[in-house]
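Notes follow once the structure below has been shown.
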Amino acid sequence: MKNMGDIRHSMRAISDTEQITKAMHLISTSKMKRAVSNYEKNRYHFDHVQAGLKDILAHSSDLSHPYVKHSEGGSAAFVVIAGDKGLCGGYNHNVLNFALAEMKKNKQQYILTVGQEARAFFERKGYMIDVEFLHIAQNPSLANARNITNDILELYDSGVMDEVYVVYTKFYSPLRQEPHIIQLLPVEESNFEDIETEYTYSADLSFHPSVKEVFDRMVPQYIIGLMYGCLVQAYASEHSARMTAMENATQNADEMLAKLSLEYNRARQFNITTEISEIIGAMEALSDSF
Amino acid sequence: MANTYHLEIITPEKVFFQDEVISCIFPSEDGFMSIQRNHEALVAAVVIGPVKIHLKDGTWVECATTEGFLEVRPDETMMFAQTVEWPDEIDMNRAQEAAERAKERLRQKQSWNEYQQSHIALARAMVRLKVGRKNRNIE
């Protein structure tokens, strides 16, 4: 039997921890709600911009724009989006290991990270990080998406990389998030196999003012939109994961506290029983002597 | 009405507009373009500027857009842009400040990329200022 002081001590420690996890749960719940409402607003754009581009590619022949044509260099860039902080269950772990597995398929990779956990992970694995975006994981805004896109396009335009992928955590519901990869560049019809277009027709599209001008402007806009969507979903996923993790932690703490308080009461009972039997023993010993 | 078509204006942050319209005039690379019913299938680059929409009830409305692209399909027309705002949503003070900032940046020596970005920022602020002064409903 443990002694009462020890039990009381660990109970206090657990209830302190529980207070923290409870607070974190509340914070991530409110952040998650905001993130999800952003996600809802973004979802329509996210789905339709991909369907739109698929449609455009399907209805245009002989495209020869650098954003469309695949060059055989074999060097791929990965934008990996993870959180700034831990304590969110398997969120960081899942997306980062998924990214690593995807990266191993390519010979030469460039790594662009969003979030401190992503940077720490690749440093630990001994990879060089080429570009690091700071303070973006916690603040998925259009301006940030624009900055990332500018950097990516600059590198792509200069011919450093031949393919650009983004790895993020796709948000399905507060209870379900899965790592996902999207090919950003070059824009190929095969990228959109899982995207459905709503309407089919056979006419060829015309481009105004010219194919080059349209793609010069359209593709960056498309990437900014997609990037923003990925950031928003990653943010929503992170906070959902943290919410679930903290809820579980609070529950565990509750269970442990219940177990410990049982143990504590038993120990107290035991002490009382011993004391009583000691007193009775003493009394009997005394009464015998009279 | 028979002469209307479905127009959607979508930004990453929201679905800005979704309705039947008679026509839509948007800024393209080489001037304004108008899309009406039964336009041929087209993809056009949209540049920063005001967008005028002729609603199905006959009134015209105006909003400000930043860069994007527009896809005309037989069933509907879709415009994707970064931000589109009605005049009453535009924060004039912020736009004014942004314009000042961009002008200041343009005065400094910069790389070509920075120059272009400042230029875009200035254009964005200017169109906000221009559209923001008006009402949503125009003649």
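Only this structure's heavy atoms are used, side chains among them; waters, hydrogens and symmetry mates stay out.
Using a 4.5 Å cut-off between heavy atoms, B:E67 contacts chain A through both its backbone and its side chain. There is no contact between A:E40 and chain B, counting heavy-atom distances below 4.5 Å. Contact annotation for B:Q18: only side-chain heavy atoms (C-beta onward) come within less than 4.5 Å of a heavy atom of chain A. Interface remark: A:N38 contributes no atoms to any contact with chain B (heavy atom separation under 4.5 Å). At a 4.5 Å heavy-atom cutoff, the contact between A:F207 and chain B is made by backbone and side-chain atoms alike. Proximity to chain A is limited to the backbone of B:T11, based on heavy atoms less than 4.5 angstrom apart. Interface remark: A:D216 contributes no atoms to any contact with chain B (heavy atom separation under 4.5 Å).
Taking the six-membered ring for Trp and the full ring otherwise, A:Y67 and A:F215 have centroids separated by 6.0 Å or more.
Of the residues A:I81, A:L96, A:I181, the one that meets the side chain to side chain contact (heavy atoms under 4.5 Å, CB included) test with A:V167 is A:I181.
With a 6.0 Å cutoff to the six-membered ring centre and a 45° limit on the axis angle, A:R43 does not count as a cation-pi contact of A:F46.
For the set A:K41, A:H208, A:R217, the count of heavy-atom pairs under 4.5 angstrom toward chain B peaks at A:H208.
Residues passing the side chain to side chain contact (heavy atoms under 4.5 Å, CB included) test with A:K33, sequence neighbours excluded: A:T29.
Using modelled atom types, one finds no donor on one side chain facing an acceptor on the other under 3.5 Å when comparing A:E178 with A:T169. Residues A:Y156 and A:E154 bring no donor and acceptor atom of their side chains to less than 3.5 Å of each other.
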